[in-house]
Amino acid sequence: MARELSALLTLPDFERAADSVLDSASWAYVAGGADTQVTVRANVEAFDKVWLRPRALASASEEPDTSVNVFGQRLALPVLLAPTSPQRLLHDDAEIATARAAEALGTVSIVSTDSHHAFPEVAGSVKGDCWFQLYAYRSREDVAATIALAEEAGATALVVTVDASHAARRITTRRAGFRTPAHVDFGNLRSLGILTGAIPDGARIERLPLTWEDLAWIRSLTGMRLVVKGILRAEDAERCLDLGADGVIVSNHGGRQLDGAIPSLVALEQVAAAVSGRGLVLMDGGIRSGVHVVKALALGADAVCIGRPYLWGLGLAGQEGVEAVLRLLQDEIKDTLLQLGAASVADIGPDFATRA
């Protein structure tokens with residue numbers, strides 16, 4: 001398998017390879033978005049409207065430093081693994097393979113509330129950090145119990161997703177006839193008693209439509225770092241920080257919730273300017289290369305998150321496949337820094353990019 005993975009030279013190569021091994025319904029679930037998928041496409045296309053500006057006569061004498069500081073932890077590259085589910089759709093080891101791959105490459109996995117393996121099992125499978133992503137299911141009592149589980153299991157940050165309180169119209173998934181396969185379960189929800197019996201067919205467990213009051217309440221429950229995912233407005237980012245959040249993730253849920261939502265990269269600059277050093281700024285959506293990563297950094301992100309790309313690796317070869325995706329991205333980031341005349345990720349700022 002290592003030899004086969006080495007033949008994949010770009011993330012689109014991984015995408016095509018994963019498409020060839022997954023059944024059509026599963027592929028539709030992974031690749032698809034809301035309605036006509038305008039935002040899925042726009043997330044990627046937005047990167048083509050940003051140009052990089054290399055420095056002349058600034059060649060680095062050593063290999064560029066791709067590391068970045070995130071909440072006091074030094075990550076080997078500015079790429080975290082976004083929460084996705086159900087990962088067992090792609091590989092039996094699911095989130096455990098993902099977390100181990102992240103650790104092996106020196107970064108962090110953000111584990112979904114909807115994970116196949118219970119969060120304590122995932123966190124216990126690695127020596128390093130795991131972050132926990134929160135969906136607010138059913139009641140405040142369930143939310144409090146979920147946060148307590150994550151904290152007791154050693155999560156070092158809590159990522160609250162605020163853009164998916166309501167079910168989305170995912171037409172391609174419905175047309176493909178996707179149903180959660182029998183071998184896929186939501187063990188984390190079962191461990192909390194939120195899911196009992198059979199997995200709902202075509203209907204979700206009820207989620208609370210989160211409010212600002214709920215976010216303040218969540219902040220009061222835990223001493224973990226708090227990151228709010230699904231922010232596309234500068235004023236929303238400022239309010240999150242005012243309520244005690246430690247950072248935000250600029251995200252439109254990969255185009256899976258609102259068709260026509262602003263591309264994450266387009267929203268990034270204003271959000272980053274509003275945060276202005278008060279907290280961490282991450283972004284996800286449309287990243288398909290190391291060049292894209294560097295463009296996001298130049299527009300104000302401290303680091304980025306990827307979702308679909310590492311799922312392609314997971315589907316091809318489990319942990320080894322996810323590691324291959326991260327290794328490719330790190331190599332591409334290094335090359336981009338070299339070509340720009342930048343010695344490190346820390347050198348990248350707004351002077352390196354301009355919009356078309």
Do [X] and [Y] meet the criterion of a side-chain donor-acceptor pair at a distance under 3.5 Å?
{"X": "Ser165", "Y": "Tyr135", "result": "no"}
{"X": "Arg170", "Y": "Gln257", "result": "yes"}
{"X": "Ser115", "Y": "Glu95", "result": "no"}
{"X": "Ser251", "Y": "Asp284", "result": "yes"}
{"X": "Ser67", "Y": "Asp65", "result": "yes"}
{"X": "Ser139", "Y": "Glu141", "result": "yes"}
{"X": "Glu151", "Y": "Thr222", "result": "yes"}
{"X": "Asp163", "Y": "His253", "result": "yes"}

Centroid separation Phe71 to Trp131 less than 6.0 Å: yes
Should Glu323 and Arg327 count as an ion pair when the cut-off is N to O under 4.0 Å? yes
Please determine if Arg88 and Asp93 form a salt bridge, counting it only when a charged side-chain N lies under 4.0 Å from a carboxylate O. no
Review item, side-chain donor-acceptor pairs of residues 230-244, under 3.5 Å, at least two apart:
residue	atom	partner	partner atom	Å
Arg233	NH1	Glu235	OE2	2.8
Asp242	OD1	Arg278	NH2	2.8

Between Gln339 and Asp335, is the side-chain hydrogen bond (donor to acceptor under 3.5 Å, both in side chains) condition met? List the steps. CA-CA 6 Å; Gln339 304 300 337; Asp335 178 71; 3.3 Å; yes
Give a yes or no on whether Trp212 atom CH2 has more than 12 heavy-atom contacts from other residues, nucleotides or ligands under 6.0 Å away.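 Enclosed.
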Hey, can you pull the donor-acceptor pairs under 3.5 Å for the side chains in residues 99-107, sequence neighbours left out?
residue	atom	partner	partner atom	Å
Arg100	NE	Ser125	O	3.4
Glu103	OE2	Lys127	N	2.7
Glu103	OE2	Gly128	N	2.6
Thr107	OG1	Val79	O	2.6

Only pairs under 3.5 Å count here: list side-chain donor-acceptor contacts from residues 265-277, not counting sequence neighbours, and write none if there are none.
residue	atom	partner	partner atom	Å
Glu269	OE1	Arg355	NE	2.7
Glu269	OE1	Arg355	NH2	3.1

